[in-house]
Amino acid sequence: MSEIKIRKGEQKDISAALQLVKELARYEKAPDEVAVTEEEMMRWGFGPEKVFDFFVAVYKEKICGISLYYVKYSTWKGRCLFLEDIIVTESLRRKGIGKLLFEEVLKVARNQKVRRLEWQVLEWNTPAIEFYKKYKSHLDAEWINCKLTDEDLVRFSNFTTA
C-alpha cells in the first residue's frame, strides 16, 4: 500500500490515537479498561510531563494506525525503548501497515543507540506473534508480568509501616 504515509504523531492526532487505543481494547477483550483521556495523552505526549512518542499511519488522509513507545531504563542494559502498542484499524490489518510502524520504531531504537527494544504480546494473539517472529524476535516465556492497578496503589497509599 504505497499510499500509506508514516509520520511522527502530532497534537492534532491525539483524538484519533485514542480511538485506536479503544479499538485495540475491544480486540483484546477489555473494552472497559481504557481510562486515559485525550487531555492526559496530550499532556503526556506533548507537555512538560512528556513520557511517550508515537508514529501515525495515514491512509487517504485518515489515521489508520499508531505505534507508541517510550524510553525505559534497565539496570543491566541501560537505556532501552519500550514499544507499548502497534495498533492498526481492523479493516486495514494485514496490508503491511504494522510493518511500516514497527520499522519506524526500529529506526528510533537504532538512532538513539538503545541497548534493547522491548514489547509485550498476548499469548493468544497469534497474528501478532507470527508478525514478530518474522523479525527473529526473542519471545520470552521465562518472565512473568506483574502490576498493581490504580485501585491497588490507592489502597497501598493508606498503608503505613510501624
Side-chain angles (χ1 to χ4, degrees), residues 1-74 77-122 124-125 127-140 145 147 149-150:
M1 296 185 71
S2 61
E3 56 272 10
I4 296 292
K5 302 292 183 228
I6 305 296
R7 63 170 171 76
K8 196 82 160 148
E10 301 172 5
Q11 291 183 17
K12 67 181 182 179
D13 303 325
I14 290 293
S15 180
L18 183 55
Q19 291 310 306
L20 285 166
V21 168
K22 290 177 179 179
E23 182 178 335
L24 176 65
R26 287 189 299 274
Y27 175 76
E28 292 185 351
K29 302 169 183 65
D32 298 325
E33 292 296 315
V34 178
V36 71
T37 66
E38 285 185 31
E39 293 77 19
E40 290 169 329
M41 287 185 75
M42 188 70 74
R43 182 172 71 243
W44 297 328
F46 298 96
E49 300 174 77
K50 180 182 176 71
V51 293
F52 72 87
D53 282 302
F54 67 110
F55 288 101
V56 296
V58 181
Y59 176 66
K60 294 185 177 180
E61 299 182 33
K62 185 174 185 316
I63 294 174
C64 62
I66 64 169
S67 56
L68 189 144
Y69 62 95
Y70 53 89
V71 173
K72 66 173 280 191
Y73 186 82
S74 165
K77 299 296 181 185
R79 186 177 167 91
C80 301
L81 279 187
F82 191 88
L83 173 59
E84 181 65 26
D85 280 313
I86 294 177
I87 309 168
V88 176
T89 195
E90 188 172 9
S91 63
L92 292 174
R93 290 183 191 150
R94 293 178 187 39
K95 298 188 182 314
I97 298 168
K99 177 183 187 301
L100 295 171
L101 288 164
F102 186 63
E103 290 178 357
E104 284 301 314
V105 176
L106 290 176
K107 288 178 194 173
V108 171
R110 284 193 308 265
N111 290 340
Q112 291 189 13
K113 296 180 176 41
V114 298
R115 296 227 171 91
R116 187 165 56 202
L117 173 61
E118 300 176 19
W119 63 92
Q120 298 169 312
V121 61
L122 290 168
W124 58 261
N125 193 344
I129 292 168
E130 293 306 314
F131 171 80
Y132 293 126
K133 283 182 178 178
K134 291 177 187 175
Y135 288 89
K136 309 265 190 268
S137 300
H138 301 273
L139 303 178
D140 189 343
N145 291 312
K147 64 184 167 191
T149 66
D150 53 343

Check the surroundings of atom [atom1] in [X]: do more than 12 heavy atoms from other residues, nucleotides or ligands lie under 6.0 Å from it?
{"X": "Arg7", "atom1": "CZ", "answer": "yes"}
{"X": "Lys77", "atom1": "NZ", "answer": "no"}
{"X": "Glu90", "atom1": "CD", "answer": "no"}

Do [X] and [Y] have side-chain heavy atoms sitting under 4.5 Å apart?
{"X": "Glu3", "Y": "Lys60", "answer": "no"}
{"X": "Val51", "Y": "Tyr70", "answer": "no"}
{"X": "Lys22", "Y": "Leu18", "answer": "yes"}
{"X": "Leu117", "Y": "Val108", "answer": "no"}

Search all heavy atoms of [X] against all heavy atoms of [Y] and return the closest pair with its distance.
{"X": "Val114", "Y": "Cys80", "answer": "CB-CA, 3.8 Å"}
{"X": "Ile14", "Y": "Glu38", "answer": "CG2-O, 3.6 Å"}
{"X": "Lys72", "Y": "Phe82", "answer": "CD-CB, 3.9 Å"}
{"X": "Ala17", "Y": "Met41", "answer": "CB-CE, 4.2 Å"}
{"X": "Arg94", "Y": "Pro127", "answer": "NH2-CG, 3.3 Å"}
{"X": "Ile86", "Y": "Ser67", "answer": "CG1-CB, 4.1 Å"}

Self-check item: Verdict with reasoning, Val121 to Phe131, per side-chain contact (heavy atoms from CB on, under 4.5 Å)
Solution: CA-CA 11 Å; Val121 61; Phe131 171 80; over 6 Å; no

Spacing of [X] atom [atom1] and [Y] atom [atom2] [to the nearest 0.5 Å]:
{"X": "Thr89", "Y": "Tyr59", "atom1": "OG1", "atom2": "OH", "answer": "12.5 Å"}
{"X": "Cys64", "Y": "Ile4", "atom1": "SG", "atom2": "CD1", "answer": "4.0 Å"}
{"X": "Ile66", "Y": "Ile87", "atom1": "CD1", "atom2": "CD1", "answer": "4.0 Å"}
{"X": "Asp32", "Y": "Arg26", "atom1": "CG", "atom2": "CZ", "answer": "11.0 Å"}
{"X": "Leu122", "Y": "Ile129", "atom1": "CG", "atom2": "CD1", "answer": "8.5 Å"}
{"X": "Lys99", "Y": "Leu106", "atom1": "NZ", "atom2": "CG", "answer": "9.5 Å"}

Exercise. Take Phe102 and Leu83, measure what side-chain contact (heavy atoms from CB on, under 4.5 Å) needs, and give me the verdict at the end.
Key: CA-CA 9 Å; Phe102 186 63; Leu83 173 59; 3.7 Å; yes

Quiz prompt | Check: Ser74/Arg116 side-chain N/O donor and acceptor closer than 3.5 Å | solution = yes

Self-check item: Phe54 six-ring face occupied by Lys8 cation (under 6.0 Å, within 45°)
Solution: no

Exercise. Could you check Lys147 against Glu33 for salt bridge (Lys or Arg N to Asp or Glu O under 4.0 Å), going step by step and ending with a plain yes or no?
Key: CA-CA 14 Å; Lys147 64 184 167 191; Glu33 292 296 315; over 6 Å; no

Practice problem: Assess whether side-chain contact (heavy atoms from CB on, under 4.5 Å) is satisfied between Glu103 and Tyr135, documenting all intermediate values. | Solution: CA-CA 10 Å; Glu103 290 178 357; Tyr135 288 89; 2.8 Å; yes

Self-check item: Non-neighbouring partners of Glu49 that pass side chain to side chain donor-acceptor pair (under 3.5 Å), sequence neighbours left out
Solution: Arg43

Quiz item: Mind checking whether Tyr132 and Trp119 have parallel, tilted or perpendicular rings, split at 30° and 60°?
Solution: tilted

Exercise. Answer yes or no: is there a donor N or O on one side and an acceptor on the other, between the side chain of Arg93 and the main chain of Val88, under 3.5 Å?
Key: yes

Self-check item: ring-ring contact (aromatic ring centres under 6.0 Å, His included) contacts in which one or both residues fall within residues 11-30, not counting sequence neighbours
Solution: Tyr27-Trp124

